[in-house]
Visitor: 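Dumping the structure here so I can ask a few things about it.
Any value given below was found using the heavy atoms of this structure, including those in side chains, with hydrogens, waters and symmetry copies removed. Please read all numbers here as calculations on a predicted model, not as lab measurements.
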Amino acid sequence: MKKFLFIATMVALVMGTAINTDAKVKKTGKKKATTTKSTGKIRNTTIQQGMYTNDGATRYANGDVSDLEMAFLQDFYMTYVYTGNISNEDYFRYIKPKFTDEALEMIKDAEGNYNWNIITCDGTINPGNFFIKRFGQCFEVSAGEKKCYYKVGGAEGAYKITAVGTEPLR
């Protein structure tokens, strides 16, 4: 009986490994939407979906934005302001590292709560009316008549908002 079980097990192993050995897995990747934008006389830059395409942003030949502080602010607005996450207290742990302690104090009201209306232009800002430009040593973000001014500082790749106000910062 033991010999029979041993032979049956060996046959099962051989048969199990011999079935469908030709099967291959074909990997397919997602294609990104691309747009070609002329950045000079002959050079073209392929801008992939999700990259910043603000008309005021200067680009290098490889497509990188030359003003990284401006790109930081644009990303902040795309991630937290347009989506409404800036008002959600659950997202505060992600928003807080984007500001210095002094900048967070600048947007507190008399009761000690954060007044996000300064940043959201009273809730009127959206991708259609968002405009950002360098204004001296700070950035001016506007949505129609509403304006907010920012100073951004820190090492490259580790930027933080250092000052926020409704008047130009000095």
Side-chain angles (χ1 to χ4, degrees), residues 29-40 43-170:
K30 293 181 181 178
K31 291 186 178 181
K32 292 183 179 179
T34 58
T35 306
T36 302
K37 178 179 179 182
S38 177
T39 59
R43 300 178 314 211
N44 284 336
T45 301
T46 301
I47 300 171
Q48 295 181 352
Q49 185 176 8
M51 292 175 68
Y52 303 108
T53 56
N54 188 349
D55 292 335
T58 306
R59 293 191 171 275
Y60 296 121
N62 66 358
D64 289 344
V65 177
S66 63
D67 195 338
L68 296 175
E69 291 94 349
M70 184 183 289
F72 169 79
L73 279 176
Q74 287 175 327
D75 180 59
F76 176 76
Y77 269 85
M78 290 174 66
T79 306
Y80 299 107
V81 178
Y82 297 159
T83 59
N85 291 336
I86 197 161
S87 306
N88 188 344
E89 291 183 18
D90 294 336
Y91 282 89
F92 186 69
R93 64 177 178 228
Y94 303 112
I95 295 169
K96 186 177 179 181
K98 305 278 184 192
F99 291 86
T100 61
D101 292 336
E102 295 82 19
L104 283 174
E105 289 296 320
M106 296 174 122
I107 58 174
K108 279 189 177 179
D109 60 13
E111 295 151 6
N113 299 322
Y114 293 107
N115 183 7
W116 299 116
N117 287 336
I118 296 170
I119 294 170
T120 63
C121 296
D122 296 327
T124 60
I125 199 160
N126 59 52
N129 66 4
F130 174 81
F131 184 74
I132 184 170
K133 69 177 181 178
R134 194 171 270 283
F135 189 80
Q137 294 297 319
C138 61
F139 292 96
E140 179 185 85
V141 173
S142 61
E145 297 296 319
K146 303 279 185 178
K147 293 183 178 164
C148 181
Y149 296 90
Y150 290 94
K151 277 193 177 181
V152 177
E156 186 174 320
Y159 296 114
K160 288 188 174 210
I161 298 169
T162 59
V164 180
T166 55
E167 300 293 322
L169 303 169
R170 294 179 183 188

Visitor: Working to the nearest 0.5 Å, report the span between CD1 of I132 and OG of S142.
Guide: 9.0 Å
Visitor: Report yes if the side chains of L104 and K96 come closer than 4.5 Å at any heavy-atom pair, otherwise no.
Guide: yes
Visitor: Should the ring pair F135 and Y149 be called parallel, tilted or perpendicular, given that the plane angle runs from 0 to 90° and is split at 30 and 60?
Guide: tilted
Visitor: Take the angle between the ring planes of Y77 and Y82 and call it parallel below 30°, perpendicular above 60°, tilted in between.
Guide: tilted
Visitor: On a heavy-atom basis, which atom in F130 and which in I125 lie closest, and how many Å separate them?
Guide: CD1-CD1, 3.5 Å
Visitor: Pairs under 3.5 angstrom only: tabulate donor-acceptor contacts from the side chains of residues 157-166 to other protein residues two or more places apart or in another chain.
Guide:
{"residue": "T162", "atom": "OG1", "partner": "K151", "partner atom": "O", "Å": "3.2"}

Visitor: Once you round to the nearest 0.5 Å, how far does CG of D75 lie from CG of L73?
Guide: 9.5 Å
Visitor: Does a side-chain heavy-atom distance below 4.5 Å link V81 with W116?
Guide: no
Visitor: Assess whether atom OH of Y94 is packed by more than 12 heavy atoms of other residues, nucleotides or ligands within 6.0 Å.
Guide: no
Visitor: If every non-hydrogen atom of M70 is compared with every non-hydrogen atom of K133, which pair is closest and at what distance?
Guide: CE-CA, 4.3 Å
Visitor: Can you tell me how far CG of N115 sits from CD1 of I107, rounded to the nearest 0.5 angstrom?
Guide: 8.0 Å
Visitor: Does the N88 side chain pair with the main chain of D90, one donor and one acceptor, at a distance under 3.5 Å?
Guide: yes
Visitor: Measure from the side-chain N and O atoms of N126 to the backbone N and O of N129, and report whether any donor-acceptor pair falls under 3.5 Å.
Guide: yes
Visitor: Distance check, rounded to the nearest 0.5 Å: T79 atom OG1 versus K98 atom NZ?
Guide: 6.5 Å
Visitor: Quick one: pull up CE in M106 and CG in D101 and give me the separation to the nearest 0.5 Å.
Guide: 12.5 Å
Visitor: Looking at CZ of F99 and CD of E105, how far apart are the two atoms once the value is rounded to the nearest 0.5 Å?
Guide: 12.5 Å
